[in-house]
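First up is the structure itself, then whatever we jot down about it.
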Amino acid sequence: MTYPTQPTASHFIGGEYVEDTAGAALPVVYPATGETIAILHEATPAIIDRALEAAKGAQADWAAMSGTERGRVLRRAADIMRARNHDLSVLETMDTGKPYQETSVADATSGADALEYFGGLAGSLTGEHIQLPGGDWAYTVREPLGVCVGLGAWNYPTQIACWKAAPALACGNAMVFKPSETTPLCALKVAKILIEAGAPPGLFNVVQGAGAAGAALTTDPRVDKVSLTGSVPTGKKVYAAAAAEMKHVTMELGGKSPLVVFDDADLDDAVGGAILGNFYSSGQVCSNGTRVFVQRNLRDAFLDRLSERLANAVIGDPLDPETSFGPMVSEGQLQIVLNYISKGTEEGARLVSGGQRLDRPGCWITPAVFADVTDDMTIAREEIFGPVMCVLDFENEDEVIARANATEYGLSAGVFTSDLQRGHRVIGALQAGSCFLNSYNDAPVEVPFGGVKMSGVGRENSKAAIEHYSQLKSVYVRMGRVEAPF
Ligand SMILES: NC(=O)C1=CN([C@@H]2O[C@H](COP(=O)(O)OP(=O)(O)OC[C@H]3O[C@@H](n4cnc5c(N)ncnc54)[C@H](O)[C@@H]3O)[C@@H](O)[C@H]2O)C=CC1
Ligand SMILES: NCCCC(=O)O
């Protein structure tokens with residue numbers, strides 16, 4: 001059988017598509033219909049070995065090029081991605097179920113932004129000169145780490161591949177990227193585009209597979225750094241395995257982020273922020289503000305306006321540009337979400353809208369809003385990773401800060417208020433890596449992205465990412481005689 005989105009082969013290694021049918025079959029399902037759209041194969045040990053050898057073989061020559069030359073390749077790749085945005089967006093939609101309305105502006109475009117931004121930075125990555133007493137001096141050299149492994153989640157397959165590859169390659173590293181087993185298609189296109197842009201074969205390789213393939217990559221002695229986007233439980237395993245060999249890590253993990261709405265906020269902006277922070281990508285965004293704290297005397301107006309605006313959601317064919325809300329990524333993820341919705345009702349939260357599975361093929365659920373949620377409820381404590389908004393009441397600033405911070409997570413936080421002093425004061429007190437004031441879920445490449453507490457280690461995007469894909473060598477230069485004690 002021929003599938004419409006079947007790639008040339010499962011893996012991309014050494015500049016070409018590579019197949020090894022000895023690996024377990026990996027069916028790819030279009031979540032909007034439940035149909036199989038491709039069948040790939042998980043990487044065998046031989047495939048993983050081949051990818052790591054290819055990366056190791058390409059890395060030294062790539063690192064020996066000037067930053068400007070490396071940057072040129074990345075910027076060319078960005079141009080190709082932009083030129084192919086339509087096709088890449090359709091593929092992203094097929095891989096994830098996210099509506100084309102989103103994928104056409106937030107996936108390949110975001111990946112291209114990362115390639116362009118880090119391509120631009122590559123030529124400016126230098127060390128520094130440090131003057132010392134007696135005429136001595138030192139200099140630092142910014143060196144690549146070597147071979148980096150990228151492990152992706154399923155919600156943003158193109159974006160995650162590019163957010164990891166772009167800074168890694170800009171710094172002179174090579175990469176083996178393993179997409180999520182749920183969404184294996186898009187990263188292959190990124191690999192092909194990098195080759196077309198002039199990247200040497202082996203610089204960026206893609207291998208498929210689930211946790212076992214990720215673990216094999218993480219523990220391989222040829223690997224110098226592991227960058228994971230995934231859940232906290234996986235993050236703990238990957239971090240521990242990397243630590244055993246003292247490897248560098250970036251951990252972009254989960255969250256249960258607070259979005260605080262004061263009663264002086266612009267109501268429509270606050271409702272818009274809550275919609276963006278809960279229902280974009282059908283709620284499958286790590287930074288989502290899923291605990292929406294609304295000051296008590298605004299609560300009813302907030303819920304009314306939210307219901308009015310939710311009625312405008314267009315739930316349907318994700319490839320139709322009018323559709324604004326797609327299916328969950330998989331039946332498994334849909335079941336997780338449905339279980340949380342049952343638990344919310346059982347524990348006494350009030351389901352004010354949505355939360356029903358739609359009677360049609362595929363993984364469809366309507367956006368759910370719970371009111372009267374209390375801090376101890378399961379739906380207020382655990383990451384759901386689906387379209388479930390919890391609305392919690394609060395009275396005053398100190399109270400909401402304490403409650404917002406009472407979580408092991410610390411990825412994001414948002415505040416809506418027209419009192420800017422209060423806005424900055426509250427943001428200053430919130431324990432989160434990525435914060436928003438009168439906005440939610442913006443992720444421009446120029447701004448560091450990442451979490452504190454259990455939500456992660458390190459930062460993606462911005463100049464901060466350079467620190468996580470390079471290391472400094474210090475060289476002390478003595479200009480006089482060496483005076484030893486004997
Ligand atoms: N902070 C961030 O930037 C983001 C975080 N996430 C988080 O990701 C989660 C959802 O994505 P999932 O794909 O379900 O996450 P997951 O943690 O199940 O898997 C993430 C990746 O790790 C791999 N993996 C699983 N076990 C492994 C092991 N033992 N060793 C090495 N690799 C292993 C998987 O195959 C996959 O490629 C949510 O918790 C979400 O919050 C998602 C997107 C962005
Ligand atoms: N564009 C959203 C970044 C966060 C995430 O990948 O979930």
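Positions are given from 1 along the sequence. As the structure is a prediction and not an experimental result, all values here were calculated from the model. When a ligand or atom number is given, it counts from 1 through the structure's own listing order.
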With heavy atoms of [X] as the reference, note each atom of ligand 1 found under 4.0 Å away.
X	value
L151	31 (C), 32 (N)
G211	24 (N), 25 (C), 26 (N), 27 (C), 28 (C), 30 (N), 31 (C), 33 (C), 35 (O)
A215	30 (N), 31 (C)
N155	42 (C), 43 (C)
G214	30 (N), 31 (C), 32 (N)

Original post:
For the rings on F325 and W364, is their centre-to-centre separation under 6.0 Å?
Top reply: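 F325 vs W364: aromatic centres not under 6.0 Å.
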Can you list every pair where an N/O of ligand 2 is under 3.5 Å from an N/O on the protein?
{"from": "ligand 2", "atom 1": "1 (N)", "to": "Q159", "atom 2": "OE1", "distance (Å)": "3.2"}
{"from": "ligand 2", "atom 1": "1 (N)", "to": "Q159", "atom 2": "NE2", "distance (Å)": "3.3"}
{"from": "ligand 2", "atom 1": "7 (O)", "to": "N155", "atom 2": "ND2", "distance (Å)": "2.9"}
{"from": "ligand 2", "atom 1": "7 (O)", "to": "C286", "atom 2": "N", "distance (Å)": "3.0"}

**OP:** Under 4.0 Å, heavy atoms only, figure out whether ligand 1 is touched by the backbone of L253, its side chain, both or neither.
**Re:**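 Within the 4.0 Å criterion, L253 contacts ligand 1 through backbone atoms alone.
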**OP:** Look only at interatomic distance and state if T218 has a nitrogen or oxygen under 3.5 Å from any nitrogen or oxygen of ligand 1.
**Re:** no
Return a table of donor-acceptor pairs under 3.5 angstrom between the side chains of residues 166-177 and protein atoms on other chains or two or more places apart.
{"from": "N173", "atom 1": "OD1", "to": "L145", "atom 2": "N", "distance (Å)": "2.6"}
{"from": "N173", "atom 1": "OD1", "to": "G146", "atom 2": "N", "distance (Å)": "2.9"}
{"from": "N173", "atom 1": "ND2", "to": "A168", "atom 2": "O", "distance (Å)": "2.9"}
{"from": "N173", "atom 1": "ND2", "to": "Y469", "atom 2": "O", "distance (Å)": "2.8"}

Subject >> Exercise: do T290 and N288 side chains pair donor with acceptor under 3.5 Å >> reply: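 Distance-only check fails for T290 and N288.
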**OP:** Decide whether the shortest distance between a heavy atom of G456 and an atom of ligand 1 is less than 4.0 Å.
**Re:** no
**OP:** May I ask whether F449 places a heavy atom under 4.0 Å from ligand 1?
**Re:**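 Right, F449 reaches ligand 1.
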Original post:
Rounded to the nearest 0.5 Å, how far apart are OG1 of T407 and CD of Q431?
Top reply: 9.5 Å
Subject >> Closest candidate by heavy atom, reference atom 7 (C) of ligand 1, pool A213, G254, G230 >> reply: G230
Subject >> Nearest candidate to atom 35 (O) of ligand 1, where distance is taken over non-hydrogen atoms, out of E252, E181, Q159 >> reply: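 Nearest option to atom 35 (O) of ligand 1, by heavy atoms: E181.
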Original post:
With respect to Y156, which candidate in S110, C162, C286, S281 satisfies the side chain to side chain contact (heavy atoms under 4.5 Å, CB included) definition?
Top reply: S281
